[in-house]
Structure formats: structure tokens, C-alpha cells
Amino acid sequence: MIRKAVIPAAGYGTRLLLLTKSLPKEMLPIVDRPVIQYVVEEAAAAGIQDVLIIISRGKRAIEEHFDRHPELEALLTTKGRTAELESLHRLSSMARIHFDWQQTLRGLGDAVAYARDHVGREPFAVLLGDTVVRSTVPATLQLTNMHKLHGGAMVALEEVPSDKVSRYGVIRGLSADGRLYRIDGLQEKPPPEAAPSNLAVAGRYVLTPDIFDVLERTTPGRNDEIQLTDALNELAETGRLKGVRIDGRRYDIGSRLDWLQANIDLALERPDVGPGLRGYLTTLLGPGDATDA
Ligand code: G1P
């Protein structure tokens, strides 16, 4: 059983500047909550009660979001604002949240390595803090369910158009059984002509503690950073890594278009703002286009 999750949330978010100069990209709003809250909710929905968020300088807003705020709670109680009070209580009881600070931004692999002592000798989930997945069964639960059946380290996979492979880690592998893949190798952000497939690593992982030894000897790769993908490649080459094609829609919040689409798609599903937004989009675009949105 997977009891712990690690959420790397230390990166600068340079693709979203100037928006992210003082606001962590993980704190960008999607409808009524910051991105990072969706990510923690997804971990909690997979039964994970212990979450370690790896942050860095300038990410204090993430800590404050998950911290209790007794004065605000007292004020809401006095004013009888029960709905807001309940949402604050839900937020603080979702999971036990811990923080650690990546000292220098040396890459995703380095960020995950910070979790070694916290995680100990058990398998754990990794959820990228800038990735939200909209799905019927939460993406992390899809992975942990598969882990329960087959064991071992696993990465979530998503098919992407070939002009997008250069943004992601891409696997070389074969479908083993339905959504389950055997992975023989991985490449971080390959050019389309060199990509081994169009199956991209989708920001969710179940890792086994042997990854920490591998990360320790992983040398800087692409962008001169310690790449998690390079460490995973070592597992793959020795037959220790599987992939799970996730059923759902992934939003990479580091991309402006994905962030805007996440807001529209998730708002359309909400009973409070959905009908109003749908009406507005229909007026703006005409009935056919609004339905597609
Ligand atoms: C990271 C990983 C990459 C993965 C991607 C998913 O890249 O290194 O393998 O496919 O997340 O979003 P980043 O987006 O941090 O550049």
C-alpha cells in the first residue's frame, strides 16, 4: 500500500513569467483553488495521508495555503460563514503535509532525492506540483491500483502528438496488457525525429526506494540538471519499470494554454459557475463551438 506522496514544487515556472515572478506557479488558480490543492486532493483520493512538498525560495505562499489560520477561522465562526469554515477545515484535514527546501534548483531528480529520509524503505507516489489531471478515477489511484496488482516502479503515460514529444520524457516500450506497458528505456525531451514513441511521462509516478541509490549516482543530463528520467532509464534497462496509460486529461500548468483550458474545462463541470460560463461561451462562439469547449 502506498502511504506517502512527494510533490516537487520548487521550479521557477519561467514559461509563465511575469505571472510567476512572485507567485509560485503551483498557486495559480483553477476556478476556485490553487493548482497545488488539486494535486494534494488527488493524492488524498488515492488514500495517501502523508505528503511531502519540496519547495524552494519564493514559494512561501504554498506553505501558507496549507497552514492553519486560527484568526480567520474564529472570524468565520463569529460571522456564521459555515461553508467557508468547512472548506478551511477540509483543507487542513486532507493529509499531513510536510515541507523540505531544495537548496539549489538542480533538477527534478535532485528534488525527489530530498525525500529519501522521509520516505524510508517503502514505495511512494510522486505527483508533479504543476500538473493537474481531470479523470473519473484519480490518476494517482489508477497508478496505485496497478501497483497493487503488479508491484514495482511505475510511471503514468499519456499519448501526445509527435510535435509535442520534445516537451516530455518519452518511453521506449511495449503494451503488455491493456493500459500496462513494459518500459525498455526513456529519453528526456527528445526531438520528434529521435523520439522512441509518442508515449510521454505524464507527471505521476509510483517509485520504489531503490530509486534513491540510482539518483545518487545520476550525473547531470539535459539542461545540466539531475533528471528523474535518467534515473528511471536505469530501472527500465534492468527491467524494473512499468508504465500505465492513464485514462484522463492532463493539464501542464507550466503552459499558458493548458492553464486556461483547465480553468474552462473544470469551471464547466461546476454546478455554481458551469451553466453561466456555458451560456457565455455560447454567446461568444456559437452553440457548436461552445459544446466543443
Ligand atoms: C518533467 C519531466 C518529464 C515529464 C514532465 C511532465 O519535465 O522531466 O519527463 O514528461 O515533467 O510534465 P518538466 O515539465 O519539469 O520540464
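If you're wondering where the values come from, they're calculated on a predicted model, not measured in any experiment.
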Honestly curious: do [X] and [Y] fall in one hydrophobic cluster under the side-chain, below-4.5 Å linking rule?
{"X": "Tyr12", "Y": "Trp259", "answer": "no"}
{"X": "Leu128", "Y": "Leu141", "answer": "no"}
{"X": "Val6", "Y": "Val155", "answer": "yes"}
{"X": "Tyr168", "Y": "Ile171", "answer": "no"}

Phe212 and Phe124 aromatic ring geometry - parallel, tilted or perpendicular at 30°/60° bounds: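 Correct class here is parallel.
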Who passes salt bridge (Lys or Arg N to Asp or Glu O under 4.0 Å) against Arg57, sequence neighbours left out?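 Arg57 satisfies salt bridge (Lys or Arg N to Asp or Glu O under 4.0 Å) with no residue once adjacent residues are dropped.
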Got a sec, which residues hit salt bridge (Lys or Arg N to Asp or Glu O under 4.0 Å) with Arg81, two or more places apart in sequence or on another chain?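 Residues passing salt bridge (Lys or Arg N to Asp or Glu O under 4.0 Å) with Arg81: Glu84.
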Taking the six-membered ring for Trp, are Tyr251 and Tyr38 closer than 6.0 Å centroid to centroid?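 Ring-ring flag for Tyr251/Tyr38: false, centres at least 6.0 Å apart.
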Which residue pairs pass the salt bridge (Lys or Arg N to Asp or Glu O under 4.0 Å) test with at least one member in residues 148-163, sequence neighbours excluded?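 Sorted pair list: Glu158-Arg250.
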Looking at every heavy atom in both Lys242 and His150, which two are closest together, and how far apart are they?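 So the minimum-distance heavy-atom pair works out to NZ-O, 3.6 Å.
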Arg116 with Asp100: basic N within carboxylate O range, under 4.0 Å: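 The answer is no: the pair does not qualify as a salt bridge.
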Between the main-chain N or O of Gly13 and the side-chain N or O of Thr20, is there a donor-acceptor pair closer than 3.5 Å?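 Looks like yes, one N/O pair under 3.5 Å.
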Quick one: CD on Glu225 to CG on Asp110, what's the gap to the nearest 0.5 Å?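 So the CD of Glu225 and the CG of Asp110 are separated by 9.5 Å.
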